[in-house]
S.K.: 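This is the structure I have questions about; it appears just below.
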Amino acid sequence: MEGLKRWVKGYNRRRRYSPVGVAFHWVVAALVLFQLWWGWRTGRLPVGPDKLDAYQLHSAVGLVILVIMLLRTAWRTMMAPGPINDADAPGWQSVIAHLTHYMFYVALILLPISGWAMVSATAAEQPLRFGGVLPWPMLPFHELSLPTRWAIEMWAERIHFALVVMLVLAIPAHVGAALWHHFHYKHDVLEGMLPGVTELEEDVRKALMHKKKRRRSRLA
Ligand code: HEM
Ligand code: HEM
């Protein structure tokens, strides 16, 4: 654990996110963009088997986002506080950037949970599958009265939609800010979030050298 934290700090000292943080960021970003487009497209399909299939895929991907986000939150809070970079100067821009990041974390956990609640309250006969393969349980709403289940559905749907709107507004602002800091201010913030393959190779090479040296000194 301490070794892992030191490895992350090595990246943070170079003002970079660790490869784990970078992988979390880009995998989730790709899945979320897909999910927003697919959710919107699914809503517009005529009622029928295609719509049901499309919702199955929407749920399957959304549940993957939920699990990745829970792992990512644990990683972020316990292992990797994130680098300080040029964009961290005191002022409103930094405050807004950090608030947006928190909002992304909260939204990307509450969105799938609200979707899960919607399906559990009203469509529990359609089994959920994590990533389309692993069975996923329904939330325990089946013993509640019908009006209560409809109320849960209504609130979950409102929350789902409000979070979608928040994301649709915040993502372009976040991407615009990242590009503005990179191209206008020439800050290092975007570089810190881009995959650094050569650095990763260098780390692996160093770890192998270290292992070899230890083996040699044990044999000597
Ligand atoms: C980060 C993950 C997710 C994102 C970004 C997302 C996004 C969306 C979008 C853009 C829509 C269409 C707009 C709307 O009606 O609100 C939608 C609808 C919906 N989503 Fe998700 N979703 C996610 C996770 C999930 C999960 C995990 C489930 C179910 C297990 C789910 C179930 C639904 C349902 C049932 C609807 C239709 C709501 C309605 O009838 O208005 N979603 N989602
Ligand atoms: C759906 C799309 C995206 C989402 C949900 C998202 C979410 C996030 C989150 C939650 C963080 C904070 C990471 C942490 O500290 O743990 C972050 C950081 C960052 N993102 Fe994104 N992101 C998205 C797309 C993008 C794109 C397309 C770019 C580049 C053009 C980008 C550039 C960055 C940069 C540079 C940082 C580091 C910011 C800093 O340390 O101050 N993001 N993003």
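Atoms within each ligand, like the ligands themselves, are counted from 1 in listed order.
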S.K.: Do Leu57 and Leu52 share a hydrophobic cluster, counting only Ile, Leu, Val, Met, Phe, Trp and Tyr and linking them when any side-chain heavy atoms are less than 4.5 Å apart?
M.R.: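 Cluster IDs for Leu57 and Leu52 differ.
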
S.K.: Kindly indicate whether a cation-pi arrangement holds for Arg14 with Tyr11, taking the cut-offs as under 6.0 Å to the six-membered ring centre and within 45° of the axis.
M.R.: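 Pair Arg14/Tyr11 counts as cation-pi.
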
S.K.: Output yes when a side-chain donor or acceptor of Lys51 lies under 3.5 Å from a complementary backbone atom of Leu45, and no otherwise.
M.R.: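 Confirmed, Lys51 side chain pairs with Leu45 backbone.
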
S.K.: Are Ile68 and Tyr105 linked, directly or through other ILVMFWY residues, by side chains that come within less than 4.5 angstrom of each other?
M.R.: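 As far as the 4.5 Å side-chain criterion goes, Tyr105 and Ile68 are connected within one cluster.
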
S.K.: Does an N or O anywhere in Arg72 fall below 3.5 Å from an N or O of ligand 2?
M.R.: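 In this structure, Arg72 places no N or O atom under 3.5 Å from an N or O of ligand 2.
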
S.K.: Between Asp188 (side chain) and Gly192 (backbone), is there a donor-acceptor pair under 3.5 Å?
M.R.: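 Not a single qualifying donor-acceptor pair exists.
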
S.K.: Is the closest heavy-atom distance from Leu190 to ligand 2 below 4.0 Å?
M.R.: yes

S.K.: Under 4.0 Å from a heavy atom of Ile65: which atoms of ligand 1 are those, numbered in the order shown and with their elements?
M.R.: 1 (C), 2 (C)

S.K.: Tell me whether Met154 is reachable from Ile159 by hopping between hydrophobic residues (I, L, V, M, F, W, Y) whose side-chain heavy atoms are closer than 4.5 Å.
M.R.: no

S.K.: Scan the side chains in residues 114-124 for donor-acceptor partners under 3.5 Å anywhere in the protein, sequence neighbours excluded, and list what turns up.
M.R.:
| unit_1 | atom_1 | unit_2 | atom_2 | d |
| --- | --- | --- | --- | --- |
| Ser114 | OG | Leu110 | O | 3.0 |
| Ser114 | OG | Leu111 | O | 2.7 |
| Ser114 | OG | His160 | ND1 | 2.9 |
| Trp116 | NE1 | Pro137 | O | 2.9 |
| Ser120 | OG | Trp116 | O | 2.6 |
| Ser120 | OG | Leu139 | N | 3.0 |
| Thr122 | OG1 | Met118 | O | 2.9 |

S.K.: Which ligand 2 atoms, with their elements, are less than 4.0 angstrom from a heavy-atom of Tyr105?
M.R.: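 Selected atoms, number and element: 10 (C), 14 (C), 16 (O).
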
S.K.: Is there a heavy atom in Val32 that sits closer than 4.0 Å to ligand 1?
M.R.: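 Not so, Val32 does not reach ligand 1.
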
S.K.: Relative to atom 15 (O) of ligand 2, which among Arg76, His174, Gln93, Arg15 owns the nearest non-hydrogen atom?
M.R.: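 Among Arg76, His174, Gln93, Arg15, the closest heavy atom to atom 15 (O) of ligand 2 belongs to Arg76.
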
S.K.: Do any N/O/S atoms of His25 come under 2.8 Å of atom 21 (Fe) of ligand 2?
M.R.: yes

S.K.: Which residues and atoms, counting only protein N, O or S, are under 2.8 Å from atom 21 (Fe) of ligand 1?
M.R.: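 Protein N/O/S atoms under 2.8 Å of atom 21 (Fe) of ligand 1: His58 NE2, His160 NE2.
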
S.K.: Can you tell me how far CD of Glu2 sits from NZ of Lys9, rounded to the nearest 0.5 angstrom?
M.R.: 7.5 Å

S.K.: Is there a nitrogen or oxygen of Tyr17 sitting under 3.5 Å from a nitrogen or oxygen of ligand 2?
M.R.: yes

S.K.: For atom 35 (C) of ligand 2, which candidate among Val189, Thr77, Thr100 holds the nearest heavy atom?
M.R.: Val189

S.K.: Taking only residues two or more places apart in sequence or in another chain, which ones pass side-chain contact (heavy atoms from CB on, under 4.5 Å) with Leu146?
M.R.: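 By the side-chain contact (heavy atoms from CB on, under 4.5 Å) rule, Leu146 matches Arg149, Trp150.
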
S.K.: Return the closest protein heavy atom for atom 41 (O) of ligand 1 as residue, atom name and distance.
M.R.: Glu157 OE2, 3.2 Å

S.K.: Run down the list Trp40, Trp38, Tyr55 and name the one with the heavy atom closest to atom 34 (C) of ligand 1.
M.R.: Tyr55

S.K.: Please answer: with hydrophobic residues joined when any side-chain heavy atoms are less than 4.5 Å apart, are Phe130 and Leu70 in the same cluster?
M.R.: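 Same hydrophobic cluster.
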
S.K.: Can you tell me how far the CG atom of Leu128 sits from the OH atom of Tyr55, to the nearest 0.5 Å?
M.R.: 13.5 Å

S.K.: State the atoms of ligand 1, each with its element, that fall below the 4.0 Å cut-off from a heavy-atom position in Leu63.
M.R.: 27 (C)

S.K.: For Ala178, counting its heavy atoms only, list the atoms of ligand 2 lying under 4.0 Å from any of them.
M.R.: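 The atoms of ligand 2 under 4.0 Å from a heavy atom of Ala178 are 32 (C).
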
S.K.: To the nearest 0.5 Å, how far apart are CG in Asp53 and CD in Gln56?
M.R.: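 Rounded to the nearest 0.5 Å, the CG-CD separation comes out at 7.0 Å.
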
S.K.: Quick one: pull up OH in Tyr102 and OG1 in Thr100 and give me the separation to the nearest 0.5 Å.
M.R.: 12.0 Å

S.K.: With nothing but distance in play, are any N or O atoms of His101 less than 3.5 Å from an N or O of ligand 2?
M.R.: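 N/O-N/O distance below 3.5 Å does not exist for this pair.
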
S.K.: Which protein non-hydrogen atom lies closest to atom 13 (C) of ligand 1, naming both residue and atom, and how far is it?
M.R.: Phe161 CD1, 4.2 Å

S.K.: Counting only heavy atoms closer than 4.0 Å, does ligand 2 sit against the backbone of Phe34, its side chain, both, or neither?
M.R.: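 No part of Phe34 comes within reach of ligand 2.
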
S.K.: Within a distance under 4.0 Å of any heavy atom of Trp116, pick out the atoms of ligand 1 and give their elements.
M.R.: 29 (C), 30 (C)

S.K.: Give the table of side-chain donor-acceptor pairs shorter than 3.5 Å for residues 20-39, with sequence neighbours excluded, one pair per line with atom names and distance.
M.R.:
| unit_1 | atom_1 | unit_2 | atom_2 | d |
| --- | --- | --- | --- | --- |
| Trp26 | NE1 | Met193 | O | 2.6 |
| Gln35 | NE2 | His58 | O | 2.7 |
| Gln35 | NE2 | His58 | ND1 | 3.4 |
| Trp38 | NE1 | Ala54 | O | 2.9 |

